[in-house]
Q: 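Let me begin by handing over the structure; questions about it come next.
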There are 2 protein chains.
Amino acid sequence: MSLSSKEAILAAARRAAQAHGYGGLNFRDLAEEVGIRAASIYYHFPSKADLGAAVAKRYREDTAARLEAIQAETADPLLCLHRYPEIFRQSLENGNRLCLGSFMSAEYDDLPEMVKLQVQAFADVNMAWLSNLLSATGVVNTRMAEQRARAIFAAIAGAQLMARSRSDISLFDALIESYRQAGLLPA
Amino acid sequence: MSLSSKEAILAAARRAAQAHGYGGLNFRDLAEEVGIRAASIYYHFPSKADLGAAVAKRYREDTAARLEAIQAETADPLLCLHRYPEIFRQSLENGNRLCLGSFMSAEYDDLPEMVKLQVQAFADVNMAWLSNLLSATGVVNTRMAEQRARAIFAAIAGAQLMARSRSDISLFDALIESYRQAGLLPA
DNA sequence: ACCTGAACACCGTTCAAGT
DNA sequence: ACCTGAACACCGTTCAAGT
């Protein structure tokens with residue numbers, strides 16, 4: 001059975017936003033991909049801001065679920081941390097797309113307030129997960145875990161941004177490896 | 001004496017692009033700031049792509065000049081490296097703006113070819129400068145300098161992106177400090 | 001419930017025409 | 001050389017009307 005229109009819109013909007021940003025999202029192209037008319041999107045989402053916020057919210061929820069899945073599969077916190085870059089790598093694998101949080105951070109000035117809130121929440125989810133696992137490893141003390149979590153999140157987002165601009169996933173892998181060698185990420 | 005229209009357009013376009021990206025650049029607002037009509041911009045730049053490429057080229061040249069200035073002022077390569085984040089910090093100081101290379105990397109899919117080339121060139125200038133100085137310090141061997149230079153560039157771009165989304169320069173400083181503590185940047 | 005055509009006001013972009 | 005009016009294509013949005 002196929003997706004409901006609302007779910008199809010959300011999925012297409014997410015893909016578009018990861019490739020072109022919130023500003024690059026447009027209802028006519030979106031509608032064409034879903035197989036309806038642009039005006040029909042307004043039945044499901046009252047405005048572009050609402051659609052953007054819904055996309056960002058879903059993106060955060062999906063990411064949170066994936067992080068929880070990693071933690072469920074992988075008992076060792078060091079191994080969990082080792083797997084963290086997967087999240088960003090998969091966006092590159094999926095059509096050289098960017099993390100939605102990164103793209104929207106670049107566009108931050110021009111985002112509706114309700115979208116900004118979701119972007120912050122996305123970053124918070126990532127940093128909390130990282131901080132929690134860093135503490136669990138004992139590699140850094142609890143006081144430093146939060147600080148290190150922010151640094152890791154920012155650095156990996158930067159690595160993805162650079163790899164995307166070169167359309168080169170192996171560059172992403174090499175950057176992550178460099179972070180490990182340098183000591184930013186646990187080896 | 002005041003700037004020529006062409007220079008005034010370049011300056012205003014740069015500021016706009018660092019705040020709203022290439023996609024967010026618009027000729028009417030730009031023209032209003034310069035004091036001419038939108039159509040007049042096309043006398044100086046035959047298309048938006050040409051303007052974008054000119055802005056990115058100038059941005060790269062300015063950055064190269066600032067990096068050379070740091071090197072001229074500061075004999076010790078370790079001190080030069082210590083000063084590198086200044087480049088990104090100043091964009092944040094200047095109206096919470098993003099590095100043009102970062103914003104355009106996010107928008108990469110939608111960039112005209114001539115703009116893409118300048119974005120690559122900008123990254124290359126930064127990485128070559130970093131690599132050269134890293135080699136000079138002897139902290140890493142020459143073989144690793146290039147790899148580390150990429151990692152530093154990507155990580156600092158990520159730090160700026162995150163600090164901007166929180167409108168918090170002190171967060172940028174804290175992230176740089178974390179990179180030093182972790183060993184990514186020479187302390 | 002779900003969708004659409006047609007229209008609206010606006011905006012980025014272009015170009016022939018002005019001075 | 002330098003600038004502009006006017007037109008064009010496209011956008012987000014609305015709404016009465018369709019099924």
Side-chain angles (χ1 to χ4, degrees), chain A residues 1-56 103-104 106-116 118, chain B residues 1-56 100 103-104 106-116:
Chain A
M1 95 152 220
S2 62
L3 292 176
S4 69
S5 278
K6 184 164 187 169
E7 287 300 319
I9 293 164
L10 270 177
R14 172 183 160 163
R15 270 180 270 120
Q18 285 188 253
H20 311 293
Y22 177 80
L25 251 189
N26 84 77
F27 278 44
R28 284 191 172 87
D29 288 351
L30 210 53
E32 187 174 18
E33 196 173 331
V34 174
I36 57 178
R37 295 303 185 158
S40 309
I41 296 175
Y42 286 86
Y43 174 74
H44 301 284
F45 302 97
S47 73
K48 185 177 179 180
D50 288 283
L51 174 59
V55 167
F103 215 138
M104 287 184 164
E107 294 176 297
Y108 206 73
D109 277 3
D110 301 318
L111 254 30
E113 200 58 41
M114 59 170 64
V115 181
K116 285 183 179 177
Q118 294 300 332
Chain B
M1 94 155 223
S2 63
L3 291 175
S4 69
S5 279
K6 185 164 187 171
E7 287 300 319
I9 293 164
L10 270 177
R14 173 183 160 165
R15 267 178 273 123
Q18 284 188 253
H20 312 292
Y22 176 81
L25 249 189
N26 85 77
F27 279 41
R28 279 198 175 95
D29 288 351
L30 211 52
E32 189 175 14
E33 197 172 330
V34 175
I36 56 177
R37 295 301 188 163
S40 309
I41 296 175
Y42 288 85
Y43 173 74
H44 301 284
F45 302 97
S47 73
K48 185 176 179 180
D50 288 282
L51 173 59
V55 167
L100 187 62
F103 215 138
M104 287 185 164
E107 295 176 297
Y108 206 73
D109 278 3
D110 300 317
L111 253 30
E113 201 57 43
M114 59 170 64
V115 181
K116 286 183 180 178

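Residue numbering restarts at 1 for every chain, and letters A, B, ... go by the order of the sequence lines.
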Q: Checking side chain to side chain contact (heavy atoms under 4.5 Å, CB included) for the pair Asp50(A)/Met114(A): CA distance, chi angles, key distance, verdict?
A: CA-CA 8 Å; Asp50(A) 288 283; Met114(A) 59 170 64; 3.8 Å; yes

Q: Please determine whether a side-chain nitrogen of the Lys or Arg among Glu32(B) and Arg37(B) lies less than 4.0 Å from a carboxylate oxygen of the Asp or Glu.
A: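 Answer for the salt bridge query: no.
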
Q: Could you go through Leu111(A) and Tyr22(A), starting from their C-alpha distance and side-chain angles, then the distance that decides it, and tell me whether this counts as side chain to side chain contact (heavy atoms under 4.5 Å, CB included)?
A: CA-CA 8 Å; Leu111(A) 254 30; Tyr22(A) 177 80; 3.8 Å; yes

Q: Can Lys48(B) be said to sit on top of Tyr42(B)'s aromatic six-ring, NZ or CZ under 6.0 Å from centre and within 45° of the ring axis?
A: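 Not flagged: Lys48(B) not positioned over aromatic ring of Tyr42(B).
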
Q: Expressed in angstrom and rounded to an integer, what is the separation of Tyr42(B) atom OH from dA1(D) atom P?
A: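 Roughly 21 Å, once rounded to whole Å.
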
Q: Carefully, step by step, assess Leu51(B) and Phe27(B) under the rule side chain to side chain contact (heavy atoms under 4.5 Å, CB included).
A: CA-CA 10 Å; Leu51(B) 173 59; Phe27(B) 279 41; 4.0 Å; yes

Q: Gly24(B) and Glu107(B): which non-hydrogen atoms are nearest, and at how many Å?
A: N-OE2, 4.4 Å

Q: From CD1 of Ile41(B) over to P of dT14(C), roughly how many Å is that when rounded to an integer?
A: 12 Å

Q: For a quick test of reading the model, state the closest non-hydrogen atom pair linking Arg14(B) to Val55(B) and the distance between them.
A: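 So the minimum-distance heavy-atom pair works out to CA-CG1, 3.7 Å.
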
Q: Looking at Tyr43(B), does the NZ or CZ of Lys6(B) lie under 6.0 angstrom from its six-membered ring centre and within 45 degrees of the ring axis?
A: no

Q: From CG of Leu3(B) over to C1' of dC2(D), roughly how many Å is that when rounded to an integer?
A: 17 Å

Q: May I ask you to evaluate whether Ser40(B) reaches the phosphate of dT4(D), defined as a side-chain N or O under 4.0 Å from OP1 or OP2?
A: yes

Q: Shortest non-hydrogen contact from Ala12(B) to Val34(B)?
A: CB-CG2, 4.3 Å

Q: Does dC3(C) have OP1 or OP2 under 4.0 Å away from a side-chain N or O of Ser5(A)?
A: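 For Ser5(A), the contact criterion (side-chain N or O under 4.0 Å from OP1 or OP2 of dC3(C)) is met.
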
Q: Convert the base pairs of DNA chain D into dot-bracket notation, remembering that pairs crossing earlier ones are written with [ ] and that bases paired across to another strand are shown as |; include only Watson-Crick or G-U pairs under 3.5 Å.
A: ||.|||||...|||||.||

Q: Near DNA chain D, counting only heavy atoms under 4.0 Å, which residues of residues 24-39 of chain A show up?
A: Leu25(A), Asn26(A), Phe27(A), Arg28(A), Ala39(A)

Q: Whole angstroms only, please: what is the CZ-C1' distance between Phe45(A) and dA1(C)?
A: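 One finds 16 Å between C1' of dA1(C) and CZ of Phe45(A), rounded.
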
Q: Take the protein atom NE2 of His44(B) and the nucleotide atom P of dC15(C), then report the distance between them rounded to whole Å.
A: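 Spelled out: NE2 on His44(B) to P on dC15(C) is 17 Å.
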
Q: Can you check the His20(A) NE2 to dC11(D) P distance for me, whole Å?
A: 12 Å

Q: Could you tell me the separation between the OH atom of Tyr43(A) and the C1' atom of dC15(D), rounded to a whole number of Å?
A: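 Distance check: Tyr43(A) OH to dC15(D) C1' gives 15 Å.
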
